[in-house]
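Heads up: the structure comes next, in structure tokens.
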Number of protein chains: 2
Amino acid sequence: MTSELGRRAVEEASFGQRIADTLHLVQATLPVQRRMVHAGDAIYQVGQEFGSLYVVNSGLVKMVNLSSEGREQVVALHFRGDWLGLDGIAGGHYGCDAIAMDTGEVWSFRYEDLLQAALRTPALLSALHQAMSRQLARDHESLQSLCALPADARVAGFLHYWAQAMEKRGLRTDQISLRMTRAEIGNYLGMTLETVSRALSRMARGDVIRFVEKGRRDIHIPRVDALTAFMRQVATPVDARAFH
Amino acid sequence: MTSELGRRAVEEASFGQRIADTLHLVQATLPVQRRMVHAGDAIYQVGQEFGSLYVVNSGLVKMVNLSSEGREQVVALHFRGDWLGLDGIAGGHYGCDAIAMDTGEVWSFRYEDLLQAALRTPALLSALHQAMSRQLARDHESLQSLCALPADARVAGFLHYWAQAMEKRGLRTDQISLRMTRAEIGNYLGMTLETVSRALSRMARGDVIRFVEKGRRDIHIPRVDALTAFMRQVATPVDARAFH
DNA sequence: CGATGTCTTGAGCTCTGTCAACGGGCGTGG
DNA sequence: CCACGCCCGTTGACAGAGCTCAAGACATCG
């Protein structure tokens, strides 16, 4: 168990460096096209022919899946250093809309160019594989919390995830600024906006979080361990009885 | 819309061939280690050091995620032609347990060997990327249905997914043999075993499915379109009001 | 044949979705 | 400057989908 913790610590410490390395590497070895985006801008859209991959240099991007019945669903969030468009490789078309949620810069380059450049610079290929692999692991975590945790724990987990994402990128982690409406958060977490609001209110009452300013989007997290404690506390498992 | 349908038709038709091609390709260019597995066997386990990737040649494999609180969660199912272990590339350790659910054969090979061989045979790299990309897209679909669909529709969607997976692999699709208990299905779909049982009973009453034999694990699907119709019918969206 | 595990079905309760009302922030326009 | 509308967030009341608990039927295997 100690070796497990040790490994995690090393990973965390090197995480910010990994992001910076990836960005440098891509920039140095590929013909990258930079693009400023603002909240609401589409980086690519579902059905559009696949050709380019993207890396978020700054800002915040949501992946929106459109179901056959026309329902929209936020399936992932992406921060600095994350890759976009990976789910388009297989089908030849992007599988989601990628929508910027904040002002930022996104880099794009041709997938074909990446493969070419990877012959000279194997580290590029490694970076691509790690990005895809990380996203797979992340998706599995999402699925797990979505299946197994009640609403309050999911909201708490969401804040924790966000704080962790900020921390890994060297940003302040005590105060986070969600650039999402309650409806968007609820959509991402598989619940209604009212439930999100109630969960946040409960956490605020328990002093697990505090709202700063007038606007209710900036959230102060006094102690991260209080957040994780809250998560565990409300995590009355939906299926506590082991399924085997 | 017609071009969309046309594209899909072509993709479907070539799908079985793609699986066969991948298996041939891997076999021809890599030092593959074959292993017979039986229900319950672990192909790899969470935390184990990453090194090899796996391809299912036959049988059925579940990916089980173990949460920090000790809850188990089935996060994916894999059939012939699917790759396993991809989520281990990033962290250096596998992120899930891969458990066989049926007798079958799994091929394994070193990730390093794959990268080496890919220099001579670029198609290998393409196959890897497509496998990862497909899995990402699949995970997003899971997330979507988990968030947006009520229990009955999720169970119906599960059967549909299974039938489709069989069809893509050239197996009979009218009668499917779930090698999972109700508890496992419920775990995978984010509901209790009782809810799974009730959903199946309702479908059987509506003659959307039929139980064959005494055992209730073999399910006959008279008409797939009846299944999809049932899905749509019970898909009273959790969040019908657009979130924006 | 009993023992065990799985599946089904019922009854009650809880969580969370639904509907509704209200307040606050912000931009627009008078 | 204030009035107004609009969007967002909060909170309450209520209902319903699905979880929990429980009992019993069925299949498999020793």
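All values derive from a computational prediction rather than experimental measurement. Numbered from 1 within each chain, the chains take letters A, B, ... in sequence-line order.
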Once you round it to whole Å, what is the distance between [atom2] of [N] and [atom1] of [X]?
X        : N      : atom1 : atom2 : value
B:Leu193 : D:dT20 : CG    : P     : 10 Å
B:Asn187 : C:dT6  : CG    : C1'   : 16 Å
B:Arg205 : C:dT8  : CZ    : P     : 11 Å
B:Ile219 : C:dT6  : CD1   : C1'   : 14 Å
A:Arg179 : D:dG9  : CZ    : P     : 13 Å
A:Arg71  : C:dG17 : CZ    : P     : 14 Å
B:Phe211 : C:dT8  : CZ    : P     : 5 Å
B:Arg154 : D:dA17 : CZ    : P     : 14 Å

- Determine which pairs satisfy salt bridge (Lys or Arg N to Asp or Glu O under 4.0 Å) with at least one residue from residues 132-148 of chain B, sequence neighbours left out, and list them in order.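 Pairs touching residues 132-148 of chain B that pass the test: B:Arg138-B:Glu141.
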
- Looking only at heavy atoms, which two atoms of B:Met63 and B:Ala98 are closest? And how far apart?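 So the minimum-distance heavy-atom pair works out to SD-CB, 4.0 Å.
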
- Query: Crowded around A:Arg179 CZ? As in, over 12 foreign heavy atoms under 6.0 Å?
  - Reply: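 Atom CZ in A:Arg179 is not packed in, count stays at 12 or less.
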
Examine [N]: is either OP1 or OP2 under 4.0 Å from a nitrogen or oxygen in the side chain of [X]? Give yes or no.
X        : N      : result
B:Thr192 : D:dG18 : no
B:Arg182 : C:dT8  : yes
A:Arg217 : D:dG9  : yes

- Item | Non-neighbouring partners of B:Phe79 that pass ring-ring contact (aromatic ring centres under 6.0 Å, His included), sequence neighbours left out |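 Residues passing ring-ring contact (aromatic ring centres under 6.0 Å, His included) with B:Phe79: B:Trp162.
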
- Can you tell me how far OG of B:Ser52 sits from CD of B:Gln33, rounded to the nearest 0.5 angstrom?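 Those atoms lie 7.5 Å apart.
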
- Roughly how far apart are A:Arg172 CZ and A:Ser177 OG, rounded to 0.5 Å?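 Rounded to the nearest 0.5 Å, the CZ-OG separation comes out at 10.5 Å.
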
- Who passes side-chain contact (heavy atoms from CB on, under 4.5 Å) against A:Val46, sequence neighbours left out?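 Expected list: A:Asp97.
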
- Task: If the plane angle is over 60° it's perpendicular, under 30° parallel, otherwise tilted; pick one for B:Phe158 and B:Tyr188.
- Result: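 Judged by the thresholds at 30° and 60°, the geometry between B:Phe158 and B:Tyr188 is perpendicular.
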
- Residues within residues 195-203 of chain A bordering DNA chain D, heavy-atom distance below 4.0 Å: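 Only A:Ser197, A:Arg198, A:Ser201 qualify.
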
- Query: Which residue pairs pass the side chain to side chain donor-acceptor pair (under 3.5 Å) test with at least one member in residues 151-160 of chain A, sequence neighbours excluded?
  - Reply: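 Matches after skipping sequence neighbours: A:Asp152-A:Arg202.
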
- Can a donor-acceptor pair under 3.5 Å be found between the side-chain atoms of B:Glu194 and the base atoms of D:dC21?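 Such a pair is found, so the answer is yes.
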
- Message: Angle between the two end axes of the helix from C:dC1-D:dG30 to C:dG30-D:dC1, five base pairs per end, rounded to 10 degrees?
- Response: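 The angle separating the two end axes equals 30°.
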
